[in-house]
Number of protein chains: 2
Amino acid sequence: MRTIKAAVAESTAVAQFTEQPVSVGARHQSLQAAVTRSLRDAIVTGRLQPGERLRESQLAQMFQVSRNPVREALLALQAEGLVATSPRKGARVRLISEEEVAELIELRIELERLNARKTAQHGDDKLRQALTSLVDEGNEAARGSNREHLRELNDRFHSLVEAAAHNRYLSDYVRSLREKTLWLFASARDDRAIETWNEHAAIAQAIIHGDAELAALLSARHVKDTGDWVQAQLSEAERKRAGSHGSTPPRREQRVHRRTAP
Amino acid sequence: MRTIKAAVAESTAVAQFTEQPVSVGARHQSLQAAVTRSLRDAIVTGRLQPGERLRESQLAQMFQVSRNPVREALLALQAEGLVATSPRKGARVRLISEEEVAELIELRIELERLNARKTAQHGDDKLRQALTSLVDEGNEAARGSNREHLRELNDRFHSLVEAAAHNRYLSDYVRSLREKTLWLFASARDDRAIETWNEHAAIAQAIIHGDAELAALLSARHVKDTGDWVQAQLSEAERKRAGSHGSTPPRREQRVHRRTAP
DNA sequence: ATGTGAAATATTGTATACCAAATGGCAGTC
DNA sequence: GACTGCCATTTGGTATACAATATTTCACAT
């Protein structure tokens, strides 16, 4: 594995020739930021399992940095809700209960509804044009069942729509919730790429036509369907885990310290 | 000023006698947390002005701790959106534009609307009872024009309603946005305590009666009115600042480094 | 075998010292 | 006044140390 430091150095060097003239300090990506990104990626893609312990010195060694950037990265991820820490016990990848997943999706439905409505209302020609070409490209990819490409287009659709609501708080929250939904899929998120695309295309059409209420309705329904699917997957995984006794490794190395209990 | 360390030690000692039997490590409040709280308080109450620079070593000396906890506190506050940092330039108290205030309030309207609706739908007897006694106490305080007490009751009202929606993401976001709105008031937030109380009491009544739509409507309107008032205050402050040339100290010591500009 | 408790070990939270890179001013020069 | 070179400050990061806790081990009793 290439070290974080090498990656930072390289990105800095590349930036030197591609970016606008900004101060060189601003170009430099801090190790903390690099570690944060690396860890976040490992968590949302499932390489780090929920409940897994995150030891500072172990991570420091893994990334070839000192403990400070790691501590700071863990703090940042805690603020994002991806890791949970308890005092003197350290950090773990956050464990989300099914109940919490339901709450997450419930709110995401409402925020995507708002976001779609606002986007359709505020939409300008530039957005409509971008969406139109995105839809064309996506339909093409859908005909070819090009899932990889579709996944990328799905992401681009979300980025476009999020930014177009012209409300940075709403955008931030929607993105944050969406990321957490993706996290729940972990690896298996290509499966629904085509269905997802079709729903996205319908929403895009509604936005292009300025039909705010339809865009809102379709968005909410889209998230609801996605959410139902995610919850079904989770339940199934849970059932499987419960079914095969013994062979399953413990998902979280949770051991209650006897002395602390009353 | 009492040191942070003394405060931490005391809170730990007090907790020893008031809390449930948990491990002693969990009782210990980290210096990082203490510094974070202290800084957050200084920012939202306006003791630290927007745009003000936050030097690590200066803060470390002020709180009598090393730079590490301070760095981590600044990072945490950055995640909360209270401070802004640029690489190699350090942290400043975040400066919120009027445009951003409008976006903040716009989203807060929608989330408070959602929250009130959900709370009215999910409300159980315990909540109704708590709200009823809160309303009685508040009306009493309002008759006596006890602003100090009313402010506390207003805060309690929000806490009650936020928690009752049974959606931790919604609760978190609503609380976060509300805190930022309070921040904009800074010191002068007792002024509207009585009007605020009356609006809260009406919302409480709607929740008690299970009238979700009325609760939602009143909540949205309440935030809208509060927001209009905040924005008016800000505009006025802006006008005043613009009017009195020379005498006003620079609100942000922002100096563009000539060499970085094209 | 199984549980218990004390000792051994590991980890976190914090401090300190130190360094390189970058920024922010300032004095001198054109 | 605008540029230039220089220097003090500040940040981001490393390394090391250490006390307070947590976790694991392991001998021992049941």
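Letters A, B, ... are given to chains in the order of the sequence lines, protein chains preceding strands, and every chain is numbered from 1.
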(message) Counting only side-chain heavy atoms from C-beta out, which of C:dA15, D:dG13, D:dT11 sits nearest to A:S30?
(response) D:dG13
(request) Starting at atom CG of B:L54, determine the distance to atom P of D:dG12, rounded to an integer number of angstrom. (result) 12 Å
(request) Go through the structure and list residues passing side chain to side chain contact (heavy atoms under 4.5 Å, CB included) with A:S176, not counting sequence neighbours. (result) A:K180, B:Y173
(request) Not counting sequence neighbours, which residues clear side chain to side chain contact (heavy atoms under 4.5 Å, CB included) with A:A164? List them please. (result) A:T119, A:L127
(request) Check each residue of residues 67-86 of chain A for a non-hydrogen atom within less than 4.0 Å of any atom in DNA chain D, then write out the ones that pass by number, or none. (result) A:R67, A:N68, A:P69
(request) Could you tell me which residues satisfy ring pair (Phe, Tyr, Trp, His ring centres under 6.0 Å) with B:H149, sequence neighbours excluded, listed by chain and number? (result) none
(message) Which residues pass the side chain to side chain donor-acceptor pair (under 3.5 Å) test with A:N154, not counting sequence neighbours?
(response) A:H200
(message) Distance check needed: D:dT11 P versus B:L59 CG, whole Å only.
(response) 9 Å
(request) Indicate yes or no: does A:E179 engage A:R40 in a salt bridge with an N to O separation below 4.0 Å. (result) no
(message) Could you tell me how far apart B:K89 (NZ) and C:dA22 (P) are, to the nearest whole angstrom?
(response) 14 Å
(request) Send over the distance from B:E56 CD to C:dT14 P, rounded to a whole Å. (result) 16 Å
(request) Looking only at side-chain atoms of A:V65, point me to the closest of C:dT23, C:dT12, D:dT14. (result) D:dT14
(message) What is the separation between atom CZ on B:R88 and atom P on D:dT11, rounded to the nearest whole Å?
(response) 11 Å
(message) In whole Å, I'd like the distance from the CD atom of B:Q61 to the P atom of D:dT10.
(response) 11 Å
(message) If I take atom CD in residue A:Q29 and atom C1' in nucleotide D:dG13, what distance separates them, rounded to the nearest angstrom?
(response) 15 Å
(message) As a test of reading the structure: which of D:dT14, D:dA22, C:dA15 is closest to the side chain of A:L31, going by heavy atoms?
(response) D:dT14
(request) For B:Y169, enumerate each residue passing the ring pair (Phe, Tyr, Trp, His ring centres under 6.0 Å) test, keeping only those at least two apart in sequence or located in another chain. (result) none
(message) So, using side chain to side chain donor-acceptor pair (under 3.5 Å) as the criterion, who are the partners of A:S171 when residues are at least two apart?
(response) none
(message) Would you say that A:L75 contacts B:Q32 through its side chain, given a criterion of any heavy-atom pair below 4.5 Å between the two side chains?
(response) yes
Close N or O pairs between protein and nucleotides 8-10 of chain C (under 3.5 Å):
none

(request) Can you sort out the partners of B:S86 under side chain to side chain contact (heavy atoms under 4.5 Å, CB included), two or more places apart, ordered by chain and number? (result) B:K89
